[in-house]
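Quick notes on the structure that follows.
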Amino acid sequence: MMDRLQVIDGYFSDNAFYMRSMAGFPLEGRFKAAGLRSLARLIDENEPFSFTLGSNTMIHVPVELNRQLKNELFMIAERLEAEKE
């Protein structure tokens with residue numbers, strides 16, 4: 001599955017996904033399936049999307065990557081849920 005990730009870079013550990021980057025921007029975070037699904041639901045495939053990290057960092061995800069990003073977030077969440085069972 002990791003070879004299908006194009007926008008997100010990270011790894012699985014302890015029933016969580018540790019994200020290292022998104023769309024080429026460095027990003028550190030630990031995510032569970034529910035959080036990834038919630039984040040994916042916020043993304044509209046046709047609207048600009050940005051993440052604000054802290055007080056000085058903003059990540060702008062190009063609109064053309066929205067569909068892939070959304071799919072990857074759901075894929076990661078599904079794997080986390082499958083590992084739980």
Side-chain angles (χ1 to χ4, degrees):
M1 185 208 104
M2 295 302 286
D3 58 332
R4 292 188 292 172
L5 297 181
Q6 299 171 12
V7 181
I8 297 172
D9 179 43
Y11 60 94
F12 293 92
S13 181
D14 300 324
N15 201 31
F17 184 77
Y18 291 81
M19 198 175 300
R20 292 186 286 222
S21 70
M22 179 183 295
F25 295 97
L27 171 70
E28 292 184 26
R30 178 180 181 273
F31 297 90
K32 296 281 193 167
L36 291 168
R37 286 190 183 284
S38 294
L39 183 57
R41 286 187 203 104
L42 294 173
I43 300 171
D44 182 314
E45 293 178 13
N46 301 310
E47 295 292 326
F49 187 73
S50 299
F51 292 96
T52 302
L53 306 170
S55 59
N56 299 326
T57 305
M58 184 173 280
I59 295 174
H60 301 284
V61 178
V63 173
E64 56 270 10
L65 295 179
N66 283 6
R67 176 176 285 169
Q68 181 67 28
L69 174 59
K70 192 172 188 170
N71 288 340
E72 289 181 20
L73 290 168
F74 281 130
M75 239 186 328
I76 295 166
E78 287 170 14
R79 176 162 170 191
L80 288 170
E81 289 170 343
E83 287 179 357
K84 250 174 120 171
E85 296 173 354

Rounded to the nearest 0.5 Å, how far apart are [atom1] of [X] and [atom2] of [Y]?
X	Y	atom1	atom2	result
Ile8	Ile76	CD1	CD1	4.0 Å
Leu36	Met19	CG	CE	5.5 Å
Gln68	Leu73	CD	CG	10.0 Å

Please, which pairs that meet salt bridge (charged side-chain N to carboxylate O under 4.0 Å, His left out) have at least one residue in residues 11-34, sequence neighbours excluded?
Asp9-Arg20

Scan residues 51-64 for pairs that pass salt bridge (charged side-chain N to carboxylate O under 4.0 Å, His left out), counting only residues two or more places apart or in two chains.
none

Are [X] and [Y] connected in the hydrophobic side-chain network, where two residues link if heavy atoms are under 4.5 Å apart?
X	Y	value
Leu80	Leu27	yes
Leu69	Tyr18	no
Phe74	Leu39	no
Ile59	Leu42	yes

Any heavy-atom pair between the side chains of Met58 and Phe51 that's under 4.5 Å?
no

Side-chain donor/acceptor of Asn66 to backbone N/O of Glu47, under 3.5 Å
yes

Would you say Glu72's side chain and Leu5's backbone share a donor-acceptor pair under 3.5 angstrom?
no

Show the nearest heavy-atom pair for residues Glu81 and Ala33, with the distance to one decimal.
CG-CB, 3.6 Å

State, to 0.1 Å, how close Arg79 and Phe12 come at their nearest heavy-atom pair, and which atoms those are.
NH1-CE1, 3.4 Å

Verdict with reasoning, Arg37 to Glu78, per side-chain contact (heavy atoms from CB on, under 4.5 Å)
CA-CA 9 Å; Arg37 286 190 183 284; Glu78 287 170 14; 3.2 Å; yes

Between Phe17 and Phe31, is a ring-ring contact (aromatic ring centres under 6.0 Å, His included) present by the stated rule, with each step listed?
CA-CA 5 Å; Phe17 184 77; Phe31 297 90; 7.6 Å; no

